[in-house]
Amino acid sequence: MKVIALFSFTLFFTTLGIAQELHSWTDLQGRTLEASYMKSDGVTVTINWNGKVVPIPLASLSPKSQALAQKLSAPSVSVNPFDTIKAPANPKQLHPWTDLQGRTLKAVFIKSDSSTVTVEWQGKVVPLPLASLNPESRALAMRLGGDFRTKVAPVETKKEVEIMKPASSGKLSLDAEHNWKSSTGSLIKAKFISIEGDSINLALYGGRSEQSIPMVRLSEDSRQLAKKLQAMLVQQNKLQQQLAGKRKSMKVPPLVEADLGKSHSWKSSDGNLIEAIFVAANEKGVTLLMKNNPNRPYELPWVRLSPESQALGEGLKRLKEKLMPKNPAILPANGGTLSRYGDGKWKGYNTVLESAVYDVALHSSGNVVKVWLKNQGKEGDSALGERAKRVPLSVNFRAYYYLNPGERNKQWRHRKIVSYENPPKVSMDREETTIRGTLDNGSTFEYVMQINHRGLSFWGEVDEKKSGENATIFSIALYSPNFIPDVANKTMKEIEPLVGDGCLYIDPLESKRAKISLLDKWTDVLGKFSGNAWNPIKSAELMGFPFGSHKIKVTPTSLSGMVFRWGKGYSGTFPFQGIHLVHRTEDSYEAASSKTPSDYKKRLEIPKSKRLNVNIIRGRG
């Protein structure tokens with residue numbers, strides 16, 4: 001199977017080694033071409049076709065292609081909680097807004113830009129992509145947008161959404177996207193992350209994808225830009241450490257344990273206010289849970305807070321540390337077992353993150369990470385929420401081998417970890433954890449996980465000098481648990497309330513997004529969603545009753561040379577549960593069905609640039 005054949009490369013991305021995803025674009029006459037999406041302004045979609053930038057009027061495309069343009073142009077959600085000002089709406093004037101399917105709603109116009117019109121509908125502020133509206137409604141948005149900009153002065157309101165980003169002054173910024181030129185002169189726009197060795201790490205598509213590019217493939221100007229930004233990054237990290245030292249001697253307000261579960265007023269450095277609950281703090285900043293949106297934590301740099309709010313954040317940080325159990329029992333690493341907490345809530349775990357929406361913990365086995373979903377809390381009780389009474393999700397680093405490779409009924413075994421090299425100490429605040437050691441056949445491994453309030457990421461590799469008879473294969477998988485106890489002995493009437501509207505959404509490489517009900521029989525699922533049209537996939541999402549109000553989105557950073565597949569992990573037929581989402585290289589996938597898996601040299605790695613990401617939001621997030 002050659003997944004990479006589903007993609008092609010534009011000139012710039014070929015030069016840099018970055019794959020752009022191709023989409024099918026069909027006009028009203030049924031003619032189709034394959035091209036990558038660039039942008040859409042609600043009237044025209046601009047694509048990159050065989051290295052050429054081509055604008056196409058949306059009105060000339062089929063409804064399916066218009067909907068694709070709408071989906072790809074959807075604006076990303078801001079991640080700062082201060083200072084987006086709602087424009088004043090005229091409550092007396094309703095306008096009809098009609099989409100491309102002929103559906104109409106009446107709503108008050110608030111504002112518009114080149115891609116979105118924002119309206120107030122039934123008391124809610126709703127952004128509508130212009131690409132989803134019919135020509136009359138797009139024209140209305142443009143007309144009202146012009147009137148609004150010239151006739152209505154902004155009204156100062158309480159700012160509750162986003163910290164004001166630093167004003168652009170023409171200076172370099174680590175927060176901004178920059179133009180990067182290849183050695184052949186082609187351009188992309190991306191945000192600088194870091195330089196590691198001889199490569200630069202960039203964030204593309206608004207942070208949805210990251211790529212590592214050899215510096216030699218950049219133009220001289222872009223290499224110099226990268227070096228300047230790297231120097232700024234080093235300086236920023238030094239400044240954060242200096243400020244952390246100053247905060248240790250900072251005078252903080254008097255606080256009690258109950259303050260950790262309450263909303264507080266937080267002021268930005270430029271005077272904007274929000275109401276939010278403290279979640280955590282580190283050298284970089286403070287993580288808060290908005291009172292009016294308690295389903296998604298936001299991370300704010302210390303420098304974006306006023307001195308008073310910095311003191312509040314530092315005080316709550318000290319209080320949380322003070323209330324941690326003193327001298328917890330810690331068991332040392334031994335053989336294939338990491339050091340771990342010896343008692344209490346986290347008994348048996350090495351690395352822990354307690355967030356507002358989920359808890360995450362690395363088991364002392366070294367290859368299993370558990371994820372517990374958390375219900376929304378209540379003010380005055382435990383505003384950060386408590387664990388839902390559900391079996392946790394898990395992410396597994398899978399090093400395994402077959403006893404009888406290539407046969408129809410293959411028998412497989414996990415590679416056991418027998419020892420560690422400098423094993424990580426127990427921690428409640430470590431974002432990135434690297435585990436290195438030796439497996440039962442003498443191979444060495446490196447597993448890495450990043451866990452924070454924004455999401456989870458996983459990558460790793462195995463170094464097998466001699467494969468021998470039982471060559472190791474490596475993958476990383478997210479497992480959704482069998483959430484129906486004793487399902488084989490339950491009737492349908494007993495099963496239905498436990499499953500409810502639970503579902504798996506898949507985004508296949510070769511088909512449109514599909515919804516699979518967890519009430520379906522596995523045989524029915526296979527009958528409808530079998531073959532290359534439905535597997536492999538680009539991403540998957542779990543939601544519905546078994547997951548409470550949470551949505552679990554699982555997405556590889558890159559699919560170039562990779563295979564991401566869905567399936568089930570149990571032998572039963574009904575209903576569809578125990579979902580497995582497995583990420584691996586193409587070589588790993590091919591090796592799993594080969595009689596000679598050692599022939600596939602890249603079967604043992606998942607690099608950081610192609611890591612598996614898990615993002616969890618609660619409610620609307």
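Throughout, numbering of the chain's residues begins at 1 and tracks the sequence.
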Sequence-distant partners of [X], salt bridge (charged side-chain N to carboxylate O under 4.0 Å, His left out), two or more places apart:
X: Arg398; result: none
X: Lys370; result: none
X: Glu354; result: Lys345
X: Glu283; result: none

Under 3.5 Å, is there a donor-acceptor pair between the side chain of [X] and the main chain of [Y]?
X: His583; Y: Leu559; value: no
X: Ser194; Y: Asn201; value: no
X: Glu275; Y: Ser263; value: no
X: Thr557; Y: Leu612; value: no
X: Asn613; Y: Val554; value: no
X: Arg340; Y: Pro332; value: yes
X: Asn452; Y: Glu431; value: no
X: Asn282; Y: Gly285; value: yes
X: Trp266; Y: Ala276; value: yes

**Message:** Please evaluate residues Trp534 and Phe529 with respect to the criterion ring pair (Phe, Tyr, Trp, His ring centres under 6.0 Å), reporting the C-alpha separation (whole Å), side-chain torsions for both, the decisive distance (0.1 Å), and the verdict.
**Reply:** CA-CA 6 Å; Trp534 303 104; Phe529 298 102; 5.0 Å; yes

**Asked** Ring centres of His363 and Tyr349 under 6.0 Å apart?
**Response**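 Between Tyr349 and His363, which both carry aromatic rings, the centre distance is below 6.0 Å.
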
With sequence neighbours excluded, what pairs up with [X] under the side-chain contact (heavy atoms from CB on, under 4.5 Å) test?
X: Leu542; result: Leu478, Ser480, Leu504, Phe547, Ile552, Ile579
X: Leu526; result: Trp522
X: Thr118; result: Ile110, Lys111, Thr116, Val125, Pro127
X: Ser306; result: Lys267, Glu308, Ser309

side-chain hydrogen bond (donor to acceptor under 3.5 Å, both in side chains) involving [X] - partner list, sequence neighbours excluded:
X: Asp507; answer: Arg513, Ser539
X: Arg436; answer: Glu446
X: His453; answer: Ser355

**Item:** Residue Asn237 excluded, over 12 heavy atoms near CG under 6.0 Å
**Value:**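 Atom CG in Asn237 is crowded, with more than 12 foreign heavy atoms closer than 6.0 Å.
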
**Prompt:** For Phe545, does the CZ atom sit with more than 12 other heavy atoms under 6.0 Å from it, leaving out its own atoms?
**Reply:**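 Not more than 12 within 6.0 Å, no.
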
**Request:** Assess the side chains of Thr351 and Arg430: does a donor N or O sit below 3.5 Å from an acceptor N or O?
**Result:**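 Per modelled atom types, Thr351 and Arg430 side chains form a pair under 3.5 Å.
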
**Item:** Test ring pair (Phe, Tyr, Trp, His ring centres under 6.0 Å) applied to Trp302 - qualifying residues, sequence neighbours left out
**Value:**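 In terms of ring pair (Phe, Tyr, Trp, His ring centres under 6.0 Å), with neighbours along the sequence ignored, Trp302 is linked to no residue.
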
**Request:** Look at the rings of Phe397 and Phe474 and say which category their plane angle falls in: under 30° parallel, 30 to 60° tilted, over 60° perpendicular.
**Result:**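 Parallel: the ring planes of Phe397 and Phe474 meet at under 30°.
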
**Item:** Geometric class of the His414/Trp412 ring pair [parallel <30°, tilted 30-60°, perpendicular >60°]
**Value:**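 Taking His414 first and then Trp412, their aromatic rings stand perpendicular (interplane angle over 60°).
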
**Message:** Does Tyr479 form a ring pair (Phe, Tyr, Trp, His ring centres under 6.0 Å) with His580? I'd like the steps, not just the answer.
**Reply:** CA-CA 5 Å; Tyr479 298 154; His580 284 194; 3.9 Å; yes

